[in-house]
Amino acid sequence: MGTNNSTRQPRMSVSETDSRPSTSHQEEPQDVQAILAYLIRSGQVRILTNDEDDVDSKEEDSDGCEFYGPARPPQEDPHPNTEELDRSDIKEEIMRSSGRATKRDMKPTVLHMLQNREMGRNKKQQFTLEDQRVINCQYLPNQMSVMANYRHKTFCGTYSKSGNIFLSASQDQNIRIYNTEDDNFDLIKRIRARDVGWSVLDTAFSPDGNYLIYSSWSDAIHLCNIHGDYETHIPLPLNPRTHSFAIFSLTFSSDNTEILGGANDGCLYVYDRESNSRTLKIAAHDDDVNAVAFADDSSHILFSGGDDGLCRVWDRRTLKESSPEPVGTFAGHLDGITYIDSKGDARFLISNSKDQTIKLWDVRKFSPSVGVEATKKAVATQNWDYRWEQVPRSVTKKRRIEGDSSVMTYRGHSVLHTLIRCHFSPEYTTGQRYIYTGCATGALVIFDLLTGKVVSRLKGHNQCTRDVSWHPYKNIIMTSSWDGTVKKWDYQHQEEEEEYPEESTESDDSDDATKRRKCQKGAKCTQALKRQTRCTNRQGLFN
């Protein structure tokens, strides 16, 4: 999380650094840099910066907490290269699941689809699941409303598997749980996080939805209950035997028996809930492990991504601490990876990176050794730090390194300051047609998975949007930002106001004025009828 390249520097204490004799003035900046790097890693120092072009945008709350200024606008790729994706079977799969595989003369409208349904042209006289997804994709979220406003940076915000619970974690060390049934957003529980350094870094729901876990700069993961009058708050020690330890990413196995975590010591940790002990510690990456995920519900295949720029695939059934060997490696990023999301089919996954791209991978197409070495070399030559520096122009240049086995690359968002998350859109409402991500500019960015183009850029935060979560069954997206707010995005029809001629007050033009008033009245009635028809269609859309 904290390094800017894959060449690890030894973590040293401040006393060790201070006790070194200075042989020349040239060594002093290096010593200061080492001390500063240590303090930042341990969470004891926070770097507060503002964009050079927007110095006056700094905000300060009543507690004296300052926020990062907005990043420069990211560059979109005007001509995404889809050659590899067009040859992949994911194209046909997404086309079919999102309802785009059906041959249509033109882009379907809701009115046209309703007409076909009532006339029986779709055989069963009802919308198929694919038809519903086609309609849902025409009503992507575009309207923002503020759901929560904290006085500290918001790091995590995610829906439960059912969508009835929303969990939010802020730098004020509070984890808040909201009831979101029936479009509510009611606070039902507040958990005070323990043993927190810097902030709560990641959270996860248990598969049954009854528990949550969270991590921070701590040697333990903490387990808490969500429902019930009783209080469960149990530390799950990982015993890393490493100074200044943190789990940056964690998740439950689908059978609820294990917890997988990725740490700043480059290792994967597996905690067994039945034996209440750490059962595995795997040396996985050459640098911080920022992201972990299970490939599907079988919980056998694991994904990991680190600051070494590599994604690795592991088979849980063959993992051994003595000789950890990945099943395969994905190489192609030019800088560290901040997040990984699995499509859930054990075949495709996406990774977000500090090189300002998202990449789509196919587990049947690993990278050769030349690609792994090329990625390591590219990461090692990075001489900037994404936590407080602006993106260098060299990083934004479009290039593909040798051995890059990614299926598709997406550009148009900014990854700065923190481990920004990205996800596949829900299967139920969109057929996983989109990829959506947070952005350092404070925006929510939605990509078309098949074309690589930005289909929506929703600007609502004035600081970095770190976490994003799409409701599993509704077209609602929640964004959690470092400006201290949690915001909800849903669809709101935006009326195109028609301009009508103003009524005349001249007495000698009474006939013309009467005609104009009649025209205005008729036009307004027509507009009202259209709104009523639209509302009726939306209410009974899938009946």
Side-chain angles (χ1 to χ4, degrees), residues 1-2 41 43 152-161 165-177 191-207 211-224 226 233-238 240 244-253 258-271 273 278 284-285 288-294 302-307 336-342 350-352 387 415 417-423 437-438 464-469 478-482 486:
M1 177 181 179
R41 279 183 168 277
H152 298 79
K153 297 180 179 70
T154 307
F155 271 67
C156 306
T158 181
Y159 276 110
S160 63
K161 190 175 181 179
I165 296 291
F166 183 82
L167 181 154
S168 177
S170 176
Q171 202 175 26
D172 62 1
Q173 302 183 15
N174 284 315
I175 298 173
R176 297 169 176 88
I177 301 172
I191 299 172
R192 182 71 173 178
R194 300 173 183 171
D195 197 15
V196 175
W198 174 238
S199 176
V200 172
L201 299 177
D202 198 15
T203 60
F205 286 101
S206 63
Y211 294 90
L212 66 88
I213 49 176
Y214 69 88
S215 64
S216 182
W217 285 89
S218 169
D219 291 351
I221 296 170
H222 290 263
L223 175 74
C224 304
I226 296 176
H233 201 145
I234 305 172
L236 311 177
L238 297 176
S244 187
F245 178 79
I247 290 287
F248 291 141
S249 178
L250 47 74
T251 185
F252 277 94
S253 62
E258 291 183 330
I259 296 172
L260 172 67
N264 66 328
D265 60 358
C267 295
L268 297 179
Y269 288 81
V270 176
Y271 187 92
R273 295 189 64 193
R278 187 198 79 191
H285 291 265
D288 300 350
V289 180
N290 295 328
V292 294
F294 283 101
L302 318 177
F303 299 141
S304 66
D307 267 338
I337 292 167
T338 65
Y339 197 77
I340 286 176
D341 188 44
S342 172
I350 54 175
S351 57
N352 211 0
R387 290 169 297 179
V415 180
H417 311 319
T418 184
L419 303 177
I420 293 177
R421 282 93 185 278
C422 65
H423 300 278
T437 179
C464 170
T465 300
R466 186 180 192 268
D467 205 359
V468 289
S469 183
M478 304 293 289
T479 54
S480 302
S481 170
W482 273 18
V486 175

If you measure from CD1 on Ile337 to CZ on Phe303, what distance do you get to the nearest 0.5 Å? 12.0 Å

Heavy-atom nearest pair, Asp467 first then Cys156, reads OD2-CA, 3.5 Å

Aromatic contact between Phe245 and Tyr269, with the criterion being ring centroids under 6.0 Å apart: yes or no? yes

Check whether any side-chain heavy atom of Leu212 lies under 4.5 Å from a side-chain heavy atom of Ile177, and answer yes or no. yes

Can you tell me if Ser170 uses its side chain to pair, donor with acceptor, with the backbone of Lys153 under 3.5 Å? yes

Measure the acute angle between the ring planes of Tyr214 and His233, then classify it against the limits of 30° and 60° as parallel, tilted or perpendicular. perpendicular

Rounding to 0.5 Å, atoms CD1 (Ile175) and CD1 (Ile191) come to a distance of 5.5 Å

Gap separating the CD1 atom of Ile420 from the CG atom of Asn290, nearest 0.5 angstrom: 12.5 Å

Taking all heavy atoms of Asp172 and all of His152, pick out the closest pair and write down the distance. CB-ND1, 3.4 Å

Donor-acceptor pair, side chain of Asn352 and main chain of Thr338, under 3.5 angstrom: no

Kindly give the heavy-atom pair with the smallest separation between Pro207 and Ser253, and that separation in Å. CG-O, 3.2 Å

side-chain contact (heavy atoms from CB on, under 4.5 Å) between Phe155 and Thr203: does it pass, once the steps are laid out? CA-CA 10 Å; Phe155 271 67; Thr203 60; over 6 Å; no

Rounded to the nearest 0.5 Å, the CG atom of Leu419 sits from the OG atom of Ser249 at a distance of 8.5 Å

side-chain contact (heavy atoms from CB on, under 4.5 Å) between Met478 and Val486, worked out: CA-CA 7 Å; Met478 304 293 289; Val486 175; 3.6 Å; yes

For Thr158, which residues count as a side chain to side chain donor-acceptor pair (under 3.5 Å) partner, sequence neighbours excluded? none

Between Arg278 and Asp219, does any side-chain N to carboxylate O distance fall below 4.0 Å? no

For Ser168, check side chain to side chain donor-acceptor pair (under 3.5 Å) against everything at least two apart and list the hits. Tyr150

Closest non-hydrogen contact found for Gly157 with Ser480 is CA-OG, 3.4 Å

Identify, with sequence neighbours excluded, every residue that meets ring-ring contact (aromatic ring centres under 6.0 Å, His included) alongside Tyr159. Phe166, His471

What do the steps show when you test Asp202 against Ile247 for side-chain contact (heavy atoms from CB on, under 4.5 Å), and what is the final call? CA-CA 8 Å; Asp202 198 15; Ile247 290 287; over 6 Å; no

What's the shortest heavy-atom distance between Arg466 and Thr418, and which atoms? NE-OG1, 2.7 Å

For the residue pair Tyr339 and His423, establish whether any side-chain heavy-atom pair is separated by less than 4.5 Å. yes

By side chain to side chain contact (heavy atoms under 4.5 Å, CB included), Ile213 pairs with (sequence neighbours left out) Ala204, Ile221, Leu223, Leu250, Phe252, Ile259

Out of curiosity, Leu238 CG to Cys267 SG, how far, rounded to the nearest 0.5 Å? 11.0 Å

When you measure from the side chain of Ser216 to the backbone N and O of Ser199, does any donor-acceptor pair fall under 3.5 Å? yes

Quick one: list whatever passes side chain to side chain donor-acceptor pair (under 3.5 Å) with Ser342, sequence neighbours left out. none

If every non-hydrogen atom of Ile340 is compared with every non-hydrogen atom of Ser351, which pair is closest and at what distance? CG1-CB, 4.3 Å

ring-ring contact (aromatic ring centres under 6.0 Å, His included) partners for Tyr271, two or more places apart: none

Stepwise side-chain contact (heavy atoms from CB on, under 4.5 Å) test for Ser244 and Trp217: CA-CA 7 Å; Ser244 187; Trp217 285 89; 3.4 Å; yes

Straight-line distance of Ile234 CD1 to His222 NE2, nearest 0.5 Å: 11.0 Å

Is a side-chain donor or acceptor of Ser206 paired with a backbone partner of Tyr211 at a separation under 3.5 angstrom? yes

